[in-house]
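Proteins get letters first, then strands, A, B, ... in listed order; numbering begins at 1 in each.
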Amino acid sequence: MIKRLLQPRWIAMVVLVGLLVASPAYLKDSPYQMAVVTGAFFYAILASSWALLAGIAGQFSFAHMALAGIGAYTAGILGRDLGTTPLQGIIAGTVLAGLVGLVIGILCLRLRAAYLALFTIAFSEILRIWLLTEFQFTEGSNGLMLDKLWEGITGVQEYYVMLGLLLGSMALMYWLASSRFGLFVRSMREDEEAASAMGVNVVRYKVLIFVITSLIVGLAGATFYHQVGIVTPNTMEILQMSLVIAMAVIGGMESLLGAAIGAFFSRVSLEMLREVGVFGFTIELGAWRYAAFGLLLIFTLRFAQNGLLYPIIDRLFMRGARKDTVAKRTLAEEET
Amino acid sequence: MIELQVRDVYKSFGGIQALNGVSFEIQGNQLIGLIGPNGAGKTTLTNVLDGVYRPTGGQVWFNGERIDGLPPYEIARRGLGRTFQVTRAFRRMTVLENMLVPAMALHPTARQRDFHKKAWEVLEFLTMDHLGREFARSLSGGQQKLLELGRLLMLDPDIIILDEPFAGVHPKLMETIYEYIDVVNKQGKAFIIISHDMESIFTLSQRLLVLNFGELIADGKPGAVKRDPAVIEAYLGEEEEEEEGIVLIEAGDMEDAEESDA
């Protein structure tokens with residue numbers, strides 16, 4: 001056990017988590033930076049859960065932001081109209097997002113690749129337009145106000161709430177990915193017919209992966225927008241969803257950790273690039289920072305399809321297995 | 001005892017009748033060859049047996065239970081396993097993970113590590129143990145066919161359907177596949193082997209089924225089937241029956257001669 005914990009991957013994980021836990025000590029004097037990092041945790045949850053859905057299970061969905069929005073709007077509307085507490089609203093929002101995920105999963109059973117993507121884009125757009133037009137119910141483009149998680153919550157507390165959600169969801173997703181569930185959804189990603197011929201109940205796992213990831217983003221969305229204090233239909237724009245996908249691709253869409261780290265640094269970088277100081281001058285990059293982000297995405301897709309973090313993840317997690325393979329292969333060649 | 005009954009099975013796609021009243025029975029660990037010209041309905045029959053297609057008529061019974069209409073995973077868990085004409089390894093998974101998928105599907109409460117030993121043993125039997133940690137996509141076509149056979153051993157079915165197991169396989173790997181079929185058959189498993197490799201199919205099979213235009217036109221011992229006029233006609237056409245019939249009978253010898261020439 002101790003030997004296992006001393007492996008580089010575990011040491012790296014402990015150092016990473018330690019840094020995240022200790023960060024508020026440095027960030028507490030800057031509410032803006034604290035809010036940026038807290039928001040980055042939210043995007044890390046979105047990107048890593050999308051990596052589980054699309055990268056690991058092969059279900060290329062564009063409905064992730066819409067499901068986060070469903071969580072937030074449900075919590076907000078229930079709080080406004082029925083006076084529920086934020087916690088009750090978050091639970092209801094999470095459940096509703098999971099139910100919508102269940103319906104999407106069932107409706108998409110026979111849809112693959114581009115058809116699934118188009119279906120989920122259409123779903124997200126219909127939902128966004130409905131939220132925009134049903135003004136009396138949703139406040140339309142003005143956005144729906146949400147109460148803070150609790151009275152007098154501080155930025156540091158919000159930071160730890162989102163960090164806890166990120167670590168909890170990452171632990172759950174890692175457990176799932178390394179269990180029989182992960183084995184089956186990956187076989188399903190590779191070839192549904194062959195997986196089925198090997199005894200895998202493809203229908204069950206396809207629906208389950210939609211439900212689980214929808215629950216995660218519903219929870220994250222409901223919680224995060226309670227911290228932000230407002231949710232608007234713009235949350236569900238294709239651009240927002242594309243950003244989440246780009247973050248996951250840059251980090252490595254087949255790696256939960258890669259996608260989470262990619263999203264974290266992308267989000268923080270995008271905020272830092274709002275204004276750049278050069279030789280005493282301040283340059284406002286505005287929308288051009290997204291162009292730079294797009295260039296990074298193009299670079300990743302062209303030169304590092306496994307994500308920019310792949311070399312590090314490979315070194316930490318896969319080197320042992322490769323050494324084992326090389327040793328066995330050498331032995332086999334010597335025997336023949 | 002293993003028992004498969006295919007009772008008057010029909011399957012049509014729009015106006016095309018792919019299977020037209022096919023009936024046969026398998027009892028025990030028979031080694032059966034299924035042959036027929038291109039488009040005869042061999043793969044359609046396989047897809048009906050393993051649940052990919054629901055037959056438009058007729059019934060399939062397996063070990064006393066009606067299985068037509070069941071989904072493929074249910075049929076696989078009941079003991080009917082198959083490979084595919086075009087190899088379908090899980091390419092972005094390691095060889096070992098490929099092996100664990102059917103084992104885990106078959107044993108819902110087991111842990112992956114419970115099957116590591118068996119998986120390595122099967123890989124060793126298939127002379128692939130040095131490739132266990134490789135991604136399946138890095139294997140050659142022949143090795144991927146072996147991997148599919150290995151997955152079937154992890155599924156531990158009663159009847160194994162092999163769709164073109166010898167196509168595009170290096171002669172050395174072919175020997176491994178021959179050995180696999182022989183050993184596994186002696187362990188009590190029945191085989192249905194679909195192949196265009198006449199030499200292999202006539203060498204291996206104890207019984208031959210011949211399909212043509214979705215109908216079963218012959219069912220019997222290889223020696224009798226290859227002299228059956230209906231089979232010769234199906235493969236080579238009525239006009240050239242006499243002349244080409246000799247070619248079919250001697251196909252194995254011809255290929256031997258070609259190999260020795262090479």
Side-chain angles (χ1 to χ4, degrees), chain A residues 51 54-58 109-110 175-208 252-255 305-306 310 314 317-336, chain B residues 46-47 50-52 71-84 86-112 120 123-124 127-138 148 151-152 154-157 161 172:
Chain A
I56 294 177
L109 275 177
R110 293 193 181 280
W175 175 72
L176 284 170
S178 58
S179 68
R180 71 171 52 239
F181 179 88
L183 197 67
F184 291 162
V185 293
R186 281 190 295 143
S187 70
M188 185 177 86
R189 170 194 70 191
E190 294 300 300
D191 191 323
E192 287 185 16
E193 202 178 315
S196 193
M198 290 294 108
V200 176
N201 185 345
V202 169
V203 171
R204 174 197 284 176
Y205 287 97
K206 207 167 178 178
V207 172
L208 261 179
M253 66 182 274
E254 287 182 33
S255 159
Q305 286 177 356
N306 289 323
Y310 179 77
D314 178 60
F317 293 92
M318 290 152 82
R319 197 169 56 168
R322 201 170 46 246
K323 269 169 71 180
D324 188 26
T325 305
V326 171
K328 285 194 169 182
R329 176 168 270 185
T330 310
L331 191 66
E333 281 166 0
E334 281 170 5
E335 283 172 355
T336 50
Chain B
T46 306
N47 285 335
D50 99 323
V52 173
Y73 76 92
E74 286 283 5
I75 293 175
R77 289 177 188 183
R78 280 164 171 75
L80 198 147
R82 70 170 294 190
T83 63
F84 294 88
V86 177
T87 317
R88 292 166 96 161
F90 304 132
R91 290 168 54 80
R92 282 185 291 168
M93 294 170 72
T94 66
V95 168
L96 181 65
E97 286 171 338
N98 266 269
M99 302 288 285
L100 292 175
V101 169
M104 298 304 294
L106 203 61
H107 302 92
T109 56
R111 292 171 304 173
Q112 291 183 45
W120 285 115
L123 288 174
E124 199 175 340
T127 64
M128 289 178 69
D129 51 326
H130 60 293
L131 299 170
R133 302 276 185 197
E134 296 275 5
F135 282 107
R137 67 180 169 207
S138 65
E148 279 200 320
R151 286 196 314 208
L152 279 179
M154 299 299 287
L155 186 65
D156 198 26
I161 304 173
K172 197 174 172 188

State, to 0.1 Å, how close [X] and [Y] come at their nearest heavy-atom pair, and which atoms those are.
X	Y	result
A:A197	B:P72	N-CB, 4.5 Å
A:L183	B:M93	O-CE, 3.6 Å
B:Y73	A:N201	OH-ND2, 3.0 Å
A:M198	B:A76	C-CB, 4.4 Å

Which atoms of A:E254 approach chain B - backbone, side chain, both or neither, heavy atom under 4.5 Å: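 For A:E254, side-chain heavy atoms alone lie under 4.5 Å from chain B.
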Step-by-step side-chain contact (heavy atoms from CB on, under 4.5 Å) determination, B:M104 to A:F184: CA-CA 9 Å; B:M104 298 304 294; A:F184 291 162; 3.7 Å; yes
N/O donor-acceptor pair under 3.5 Å between [X] side chain and [Y] backbone:
X	Y	value
A:R180	B:P108	yes
A:E190	B:R92	yes
B:R88	A:A194	no

Contact class of [X] relative to chain A, heavy atoms under 4.5 angstrom:
X	result
B:Q112	side chain
B:V101	both
B:L100	both

Only pairs of heavy atoms separated by less than 4.5 Å count here; which of [options] has the most with chain A?
options	result
B:P157, B:A103, B:P102	B:P102
B:E97, B:R91, B:E148, B:E74	B:E97
B:R151, B:R82, B:R78	B:R151

All side chain to side chain donor-acceptor pair (under 3.5 Å) counterparts of B:E124, not counting sequence neighbours: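 Testing B:E124 for side chain to side chain donor-acceptor pair (under 3.5 Å), a comparison that skips the adjacent residues, returns none.
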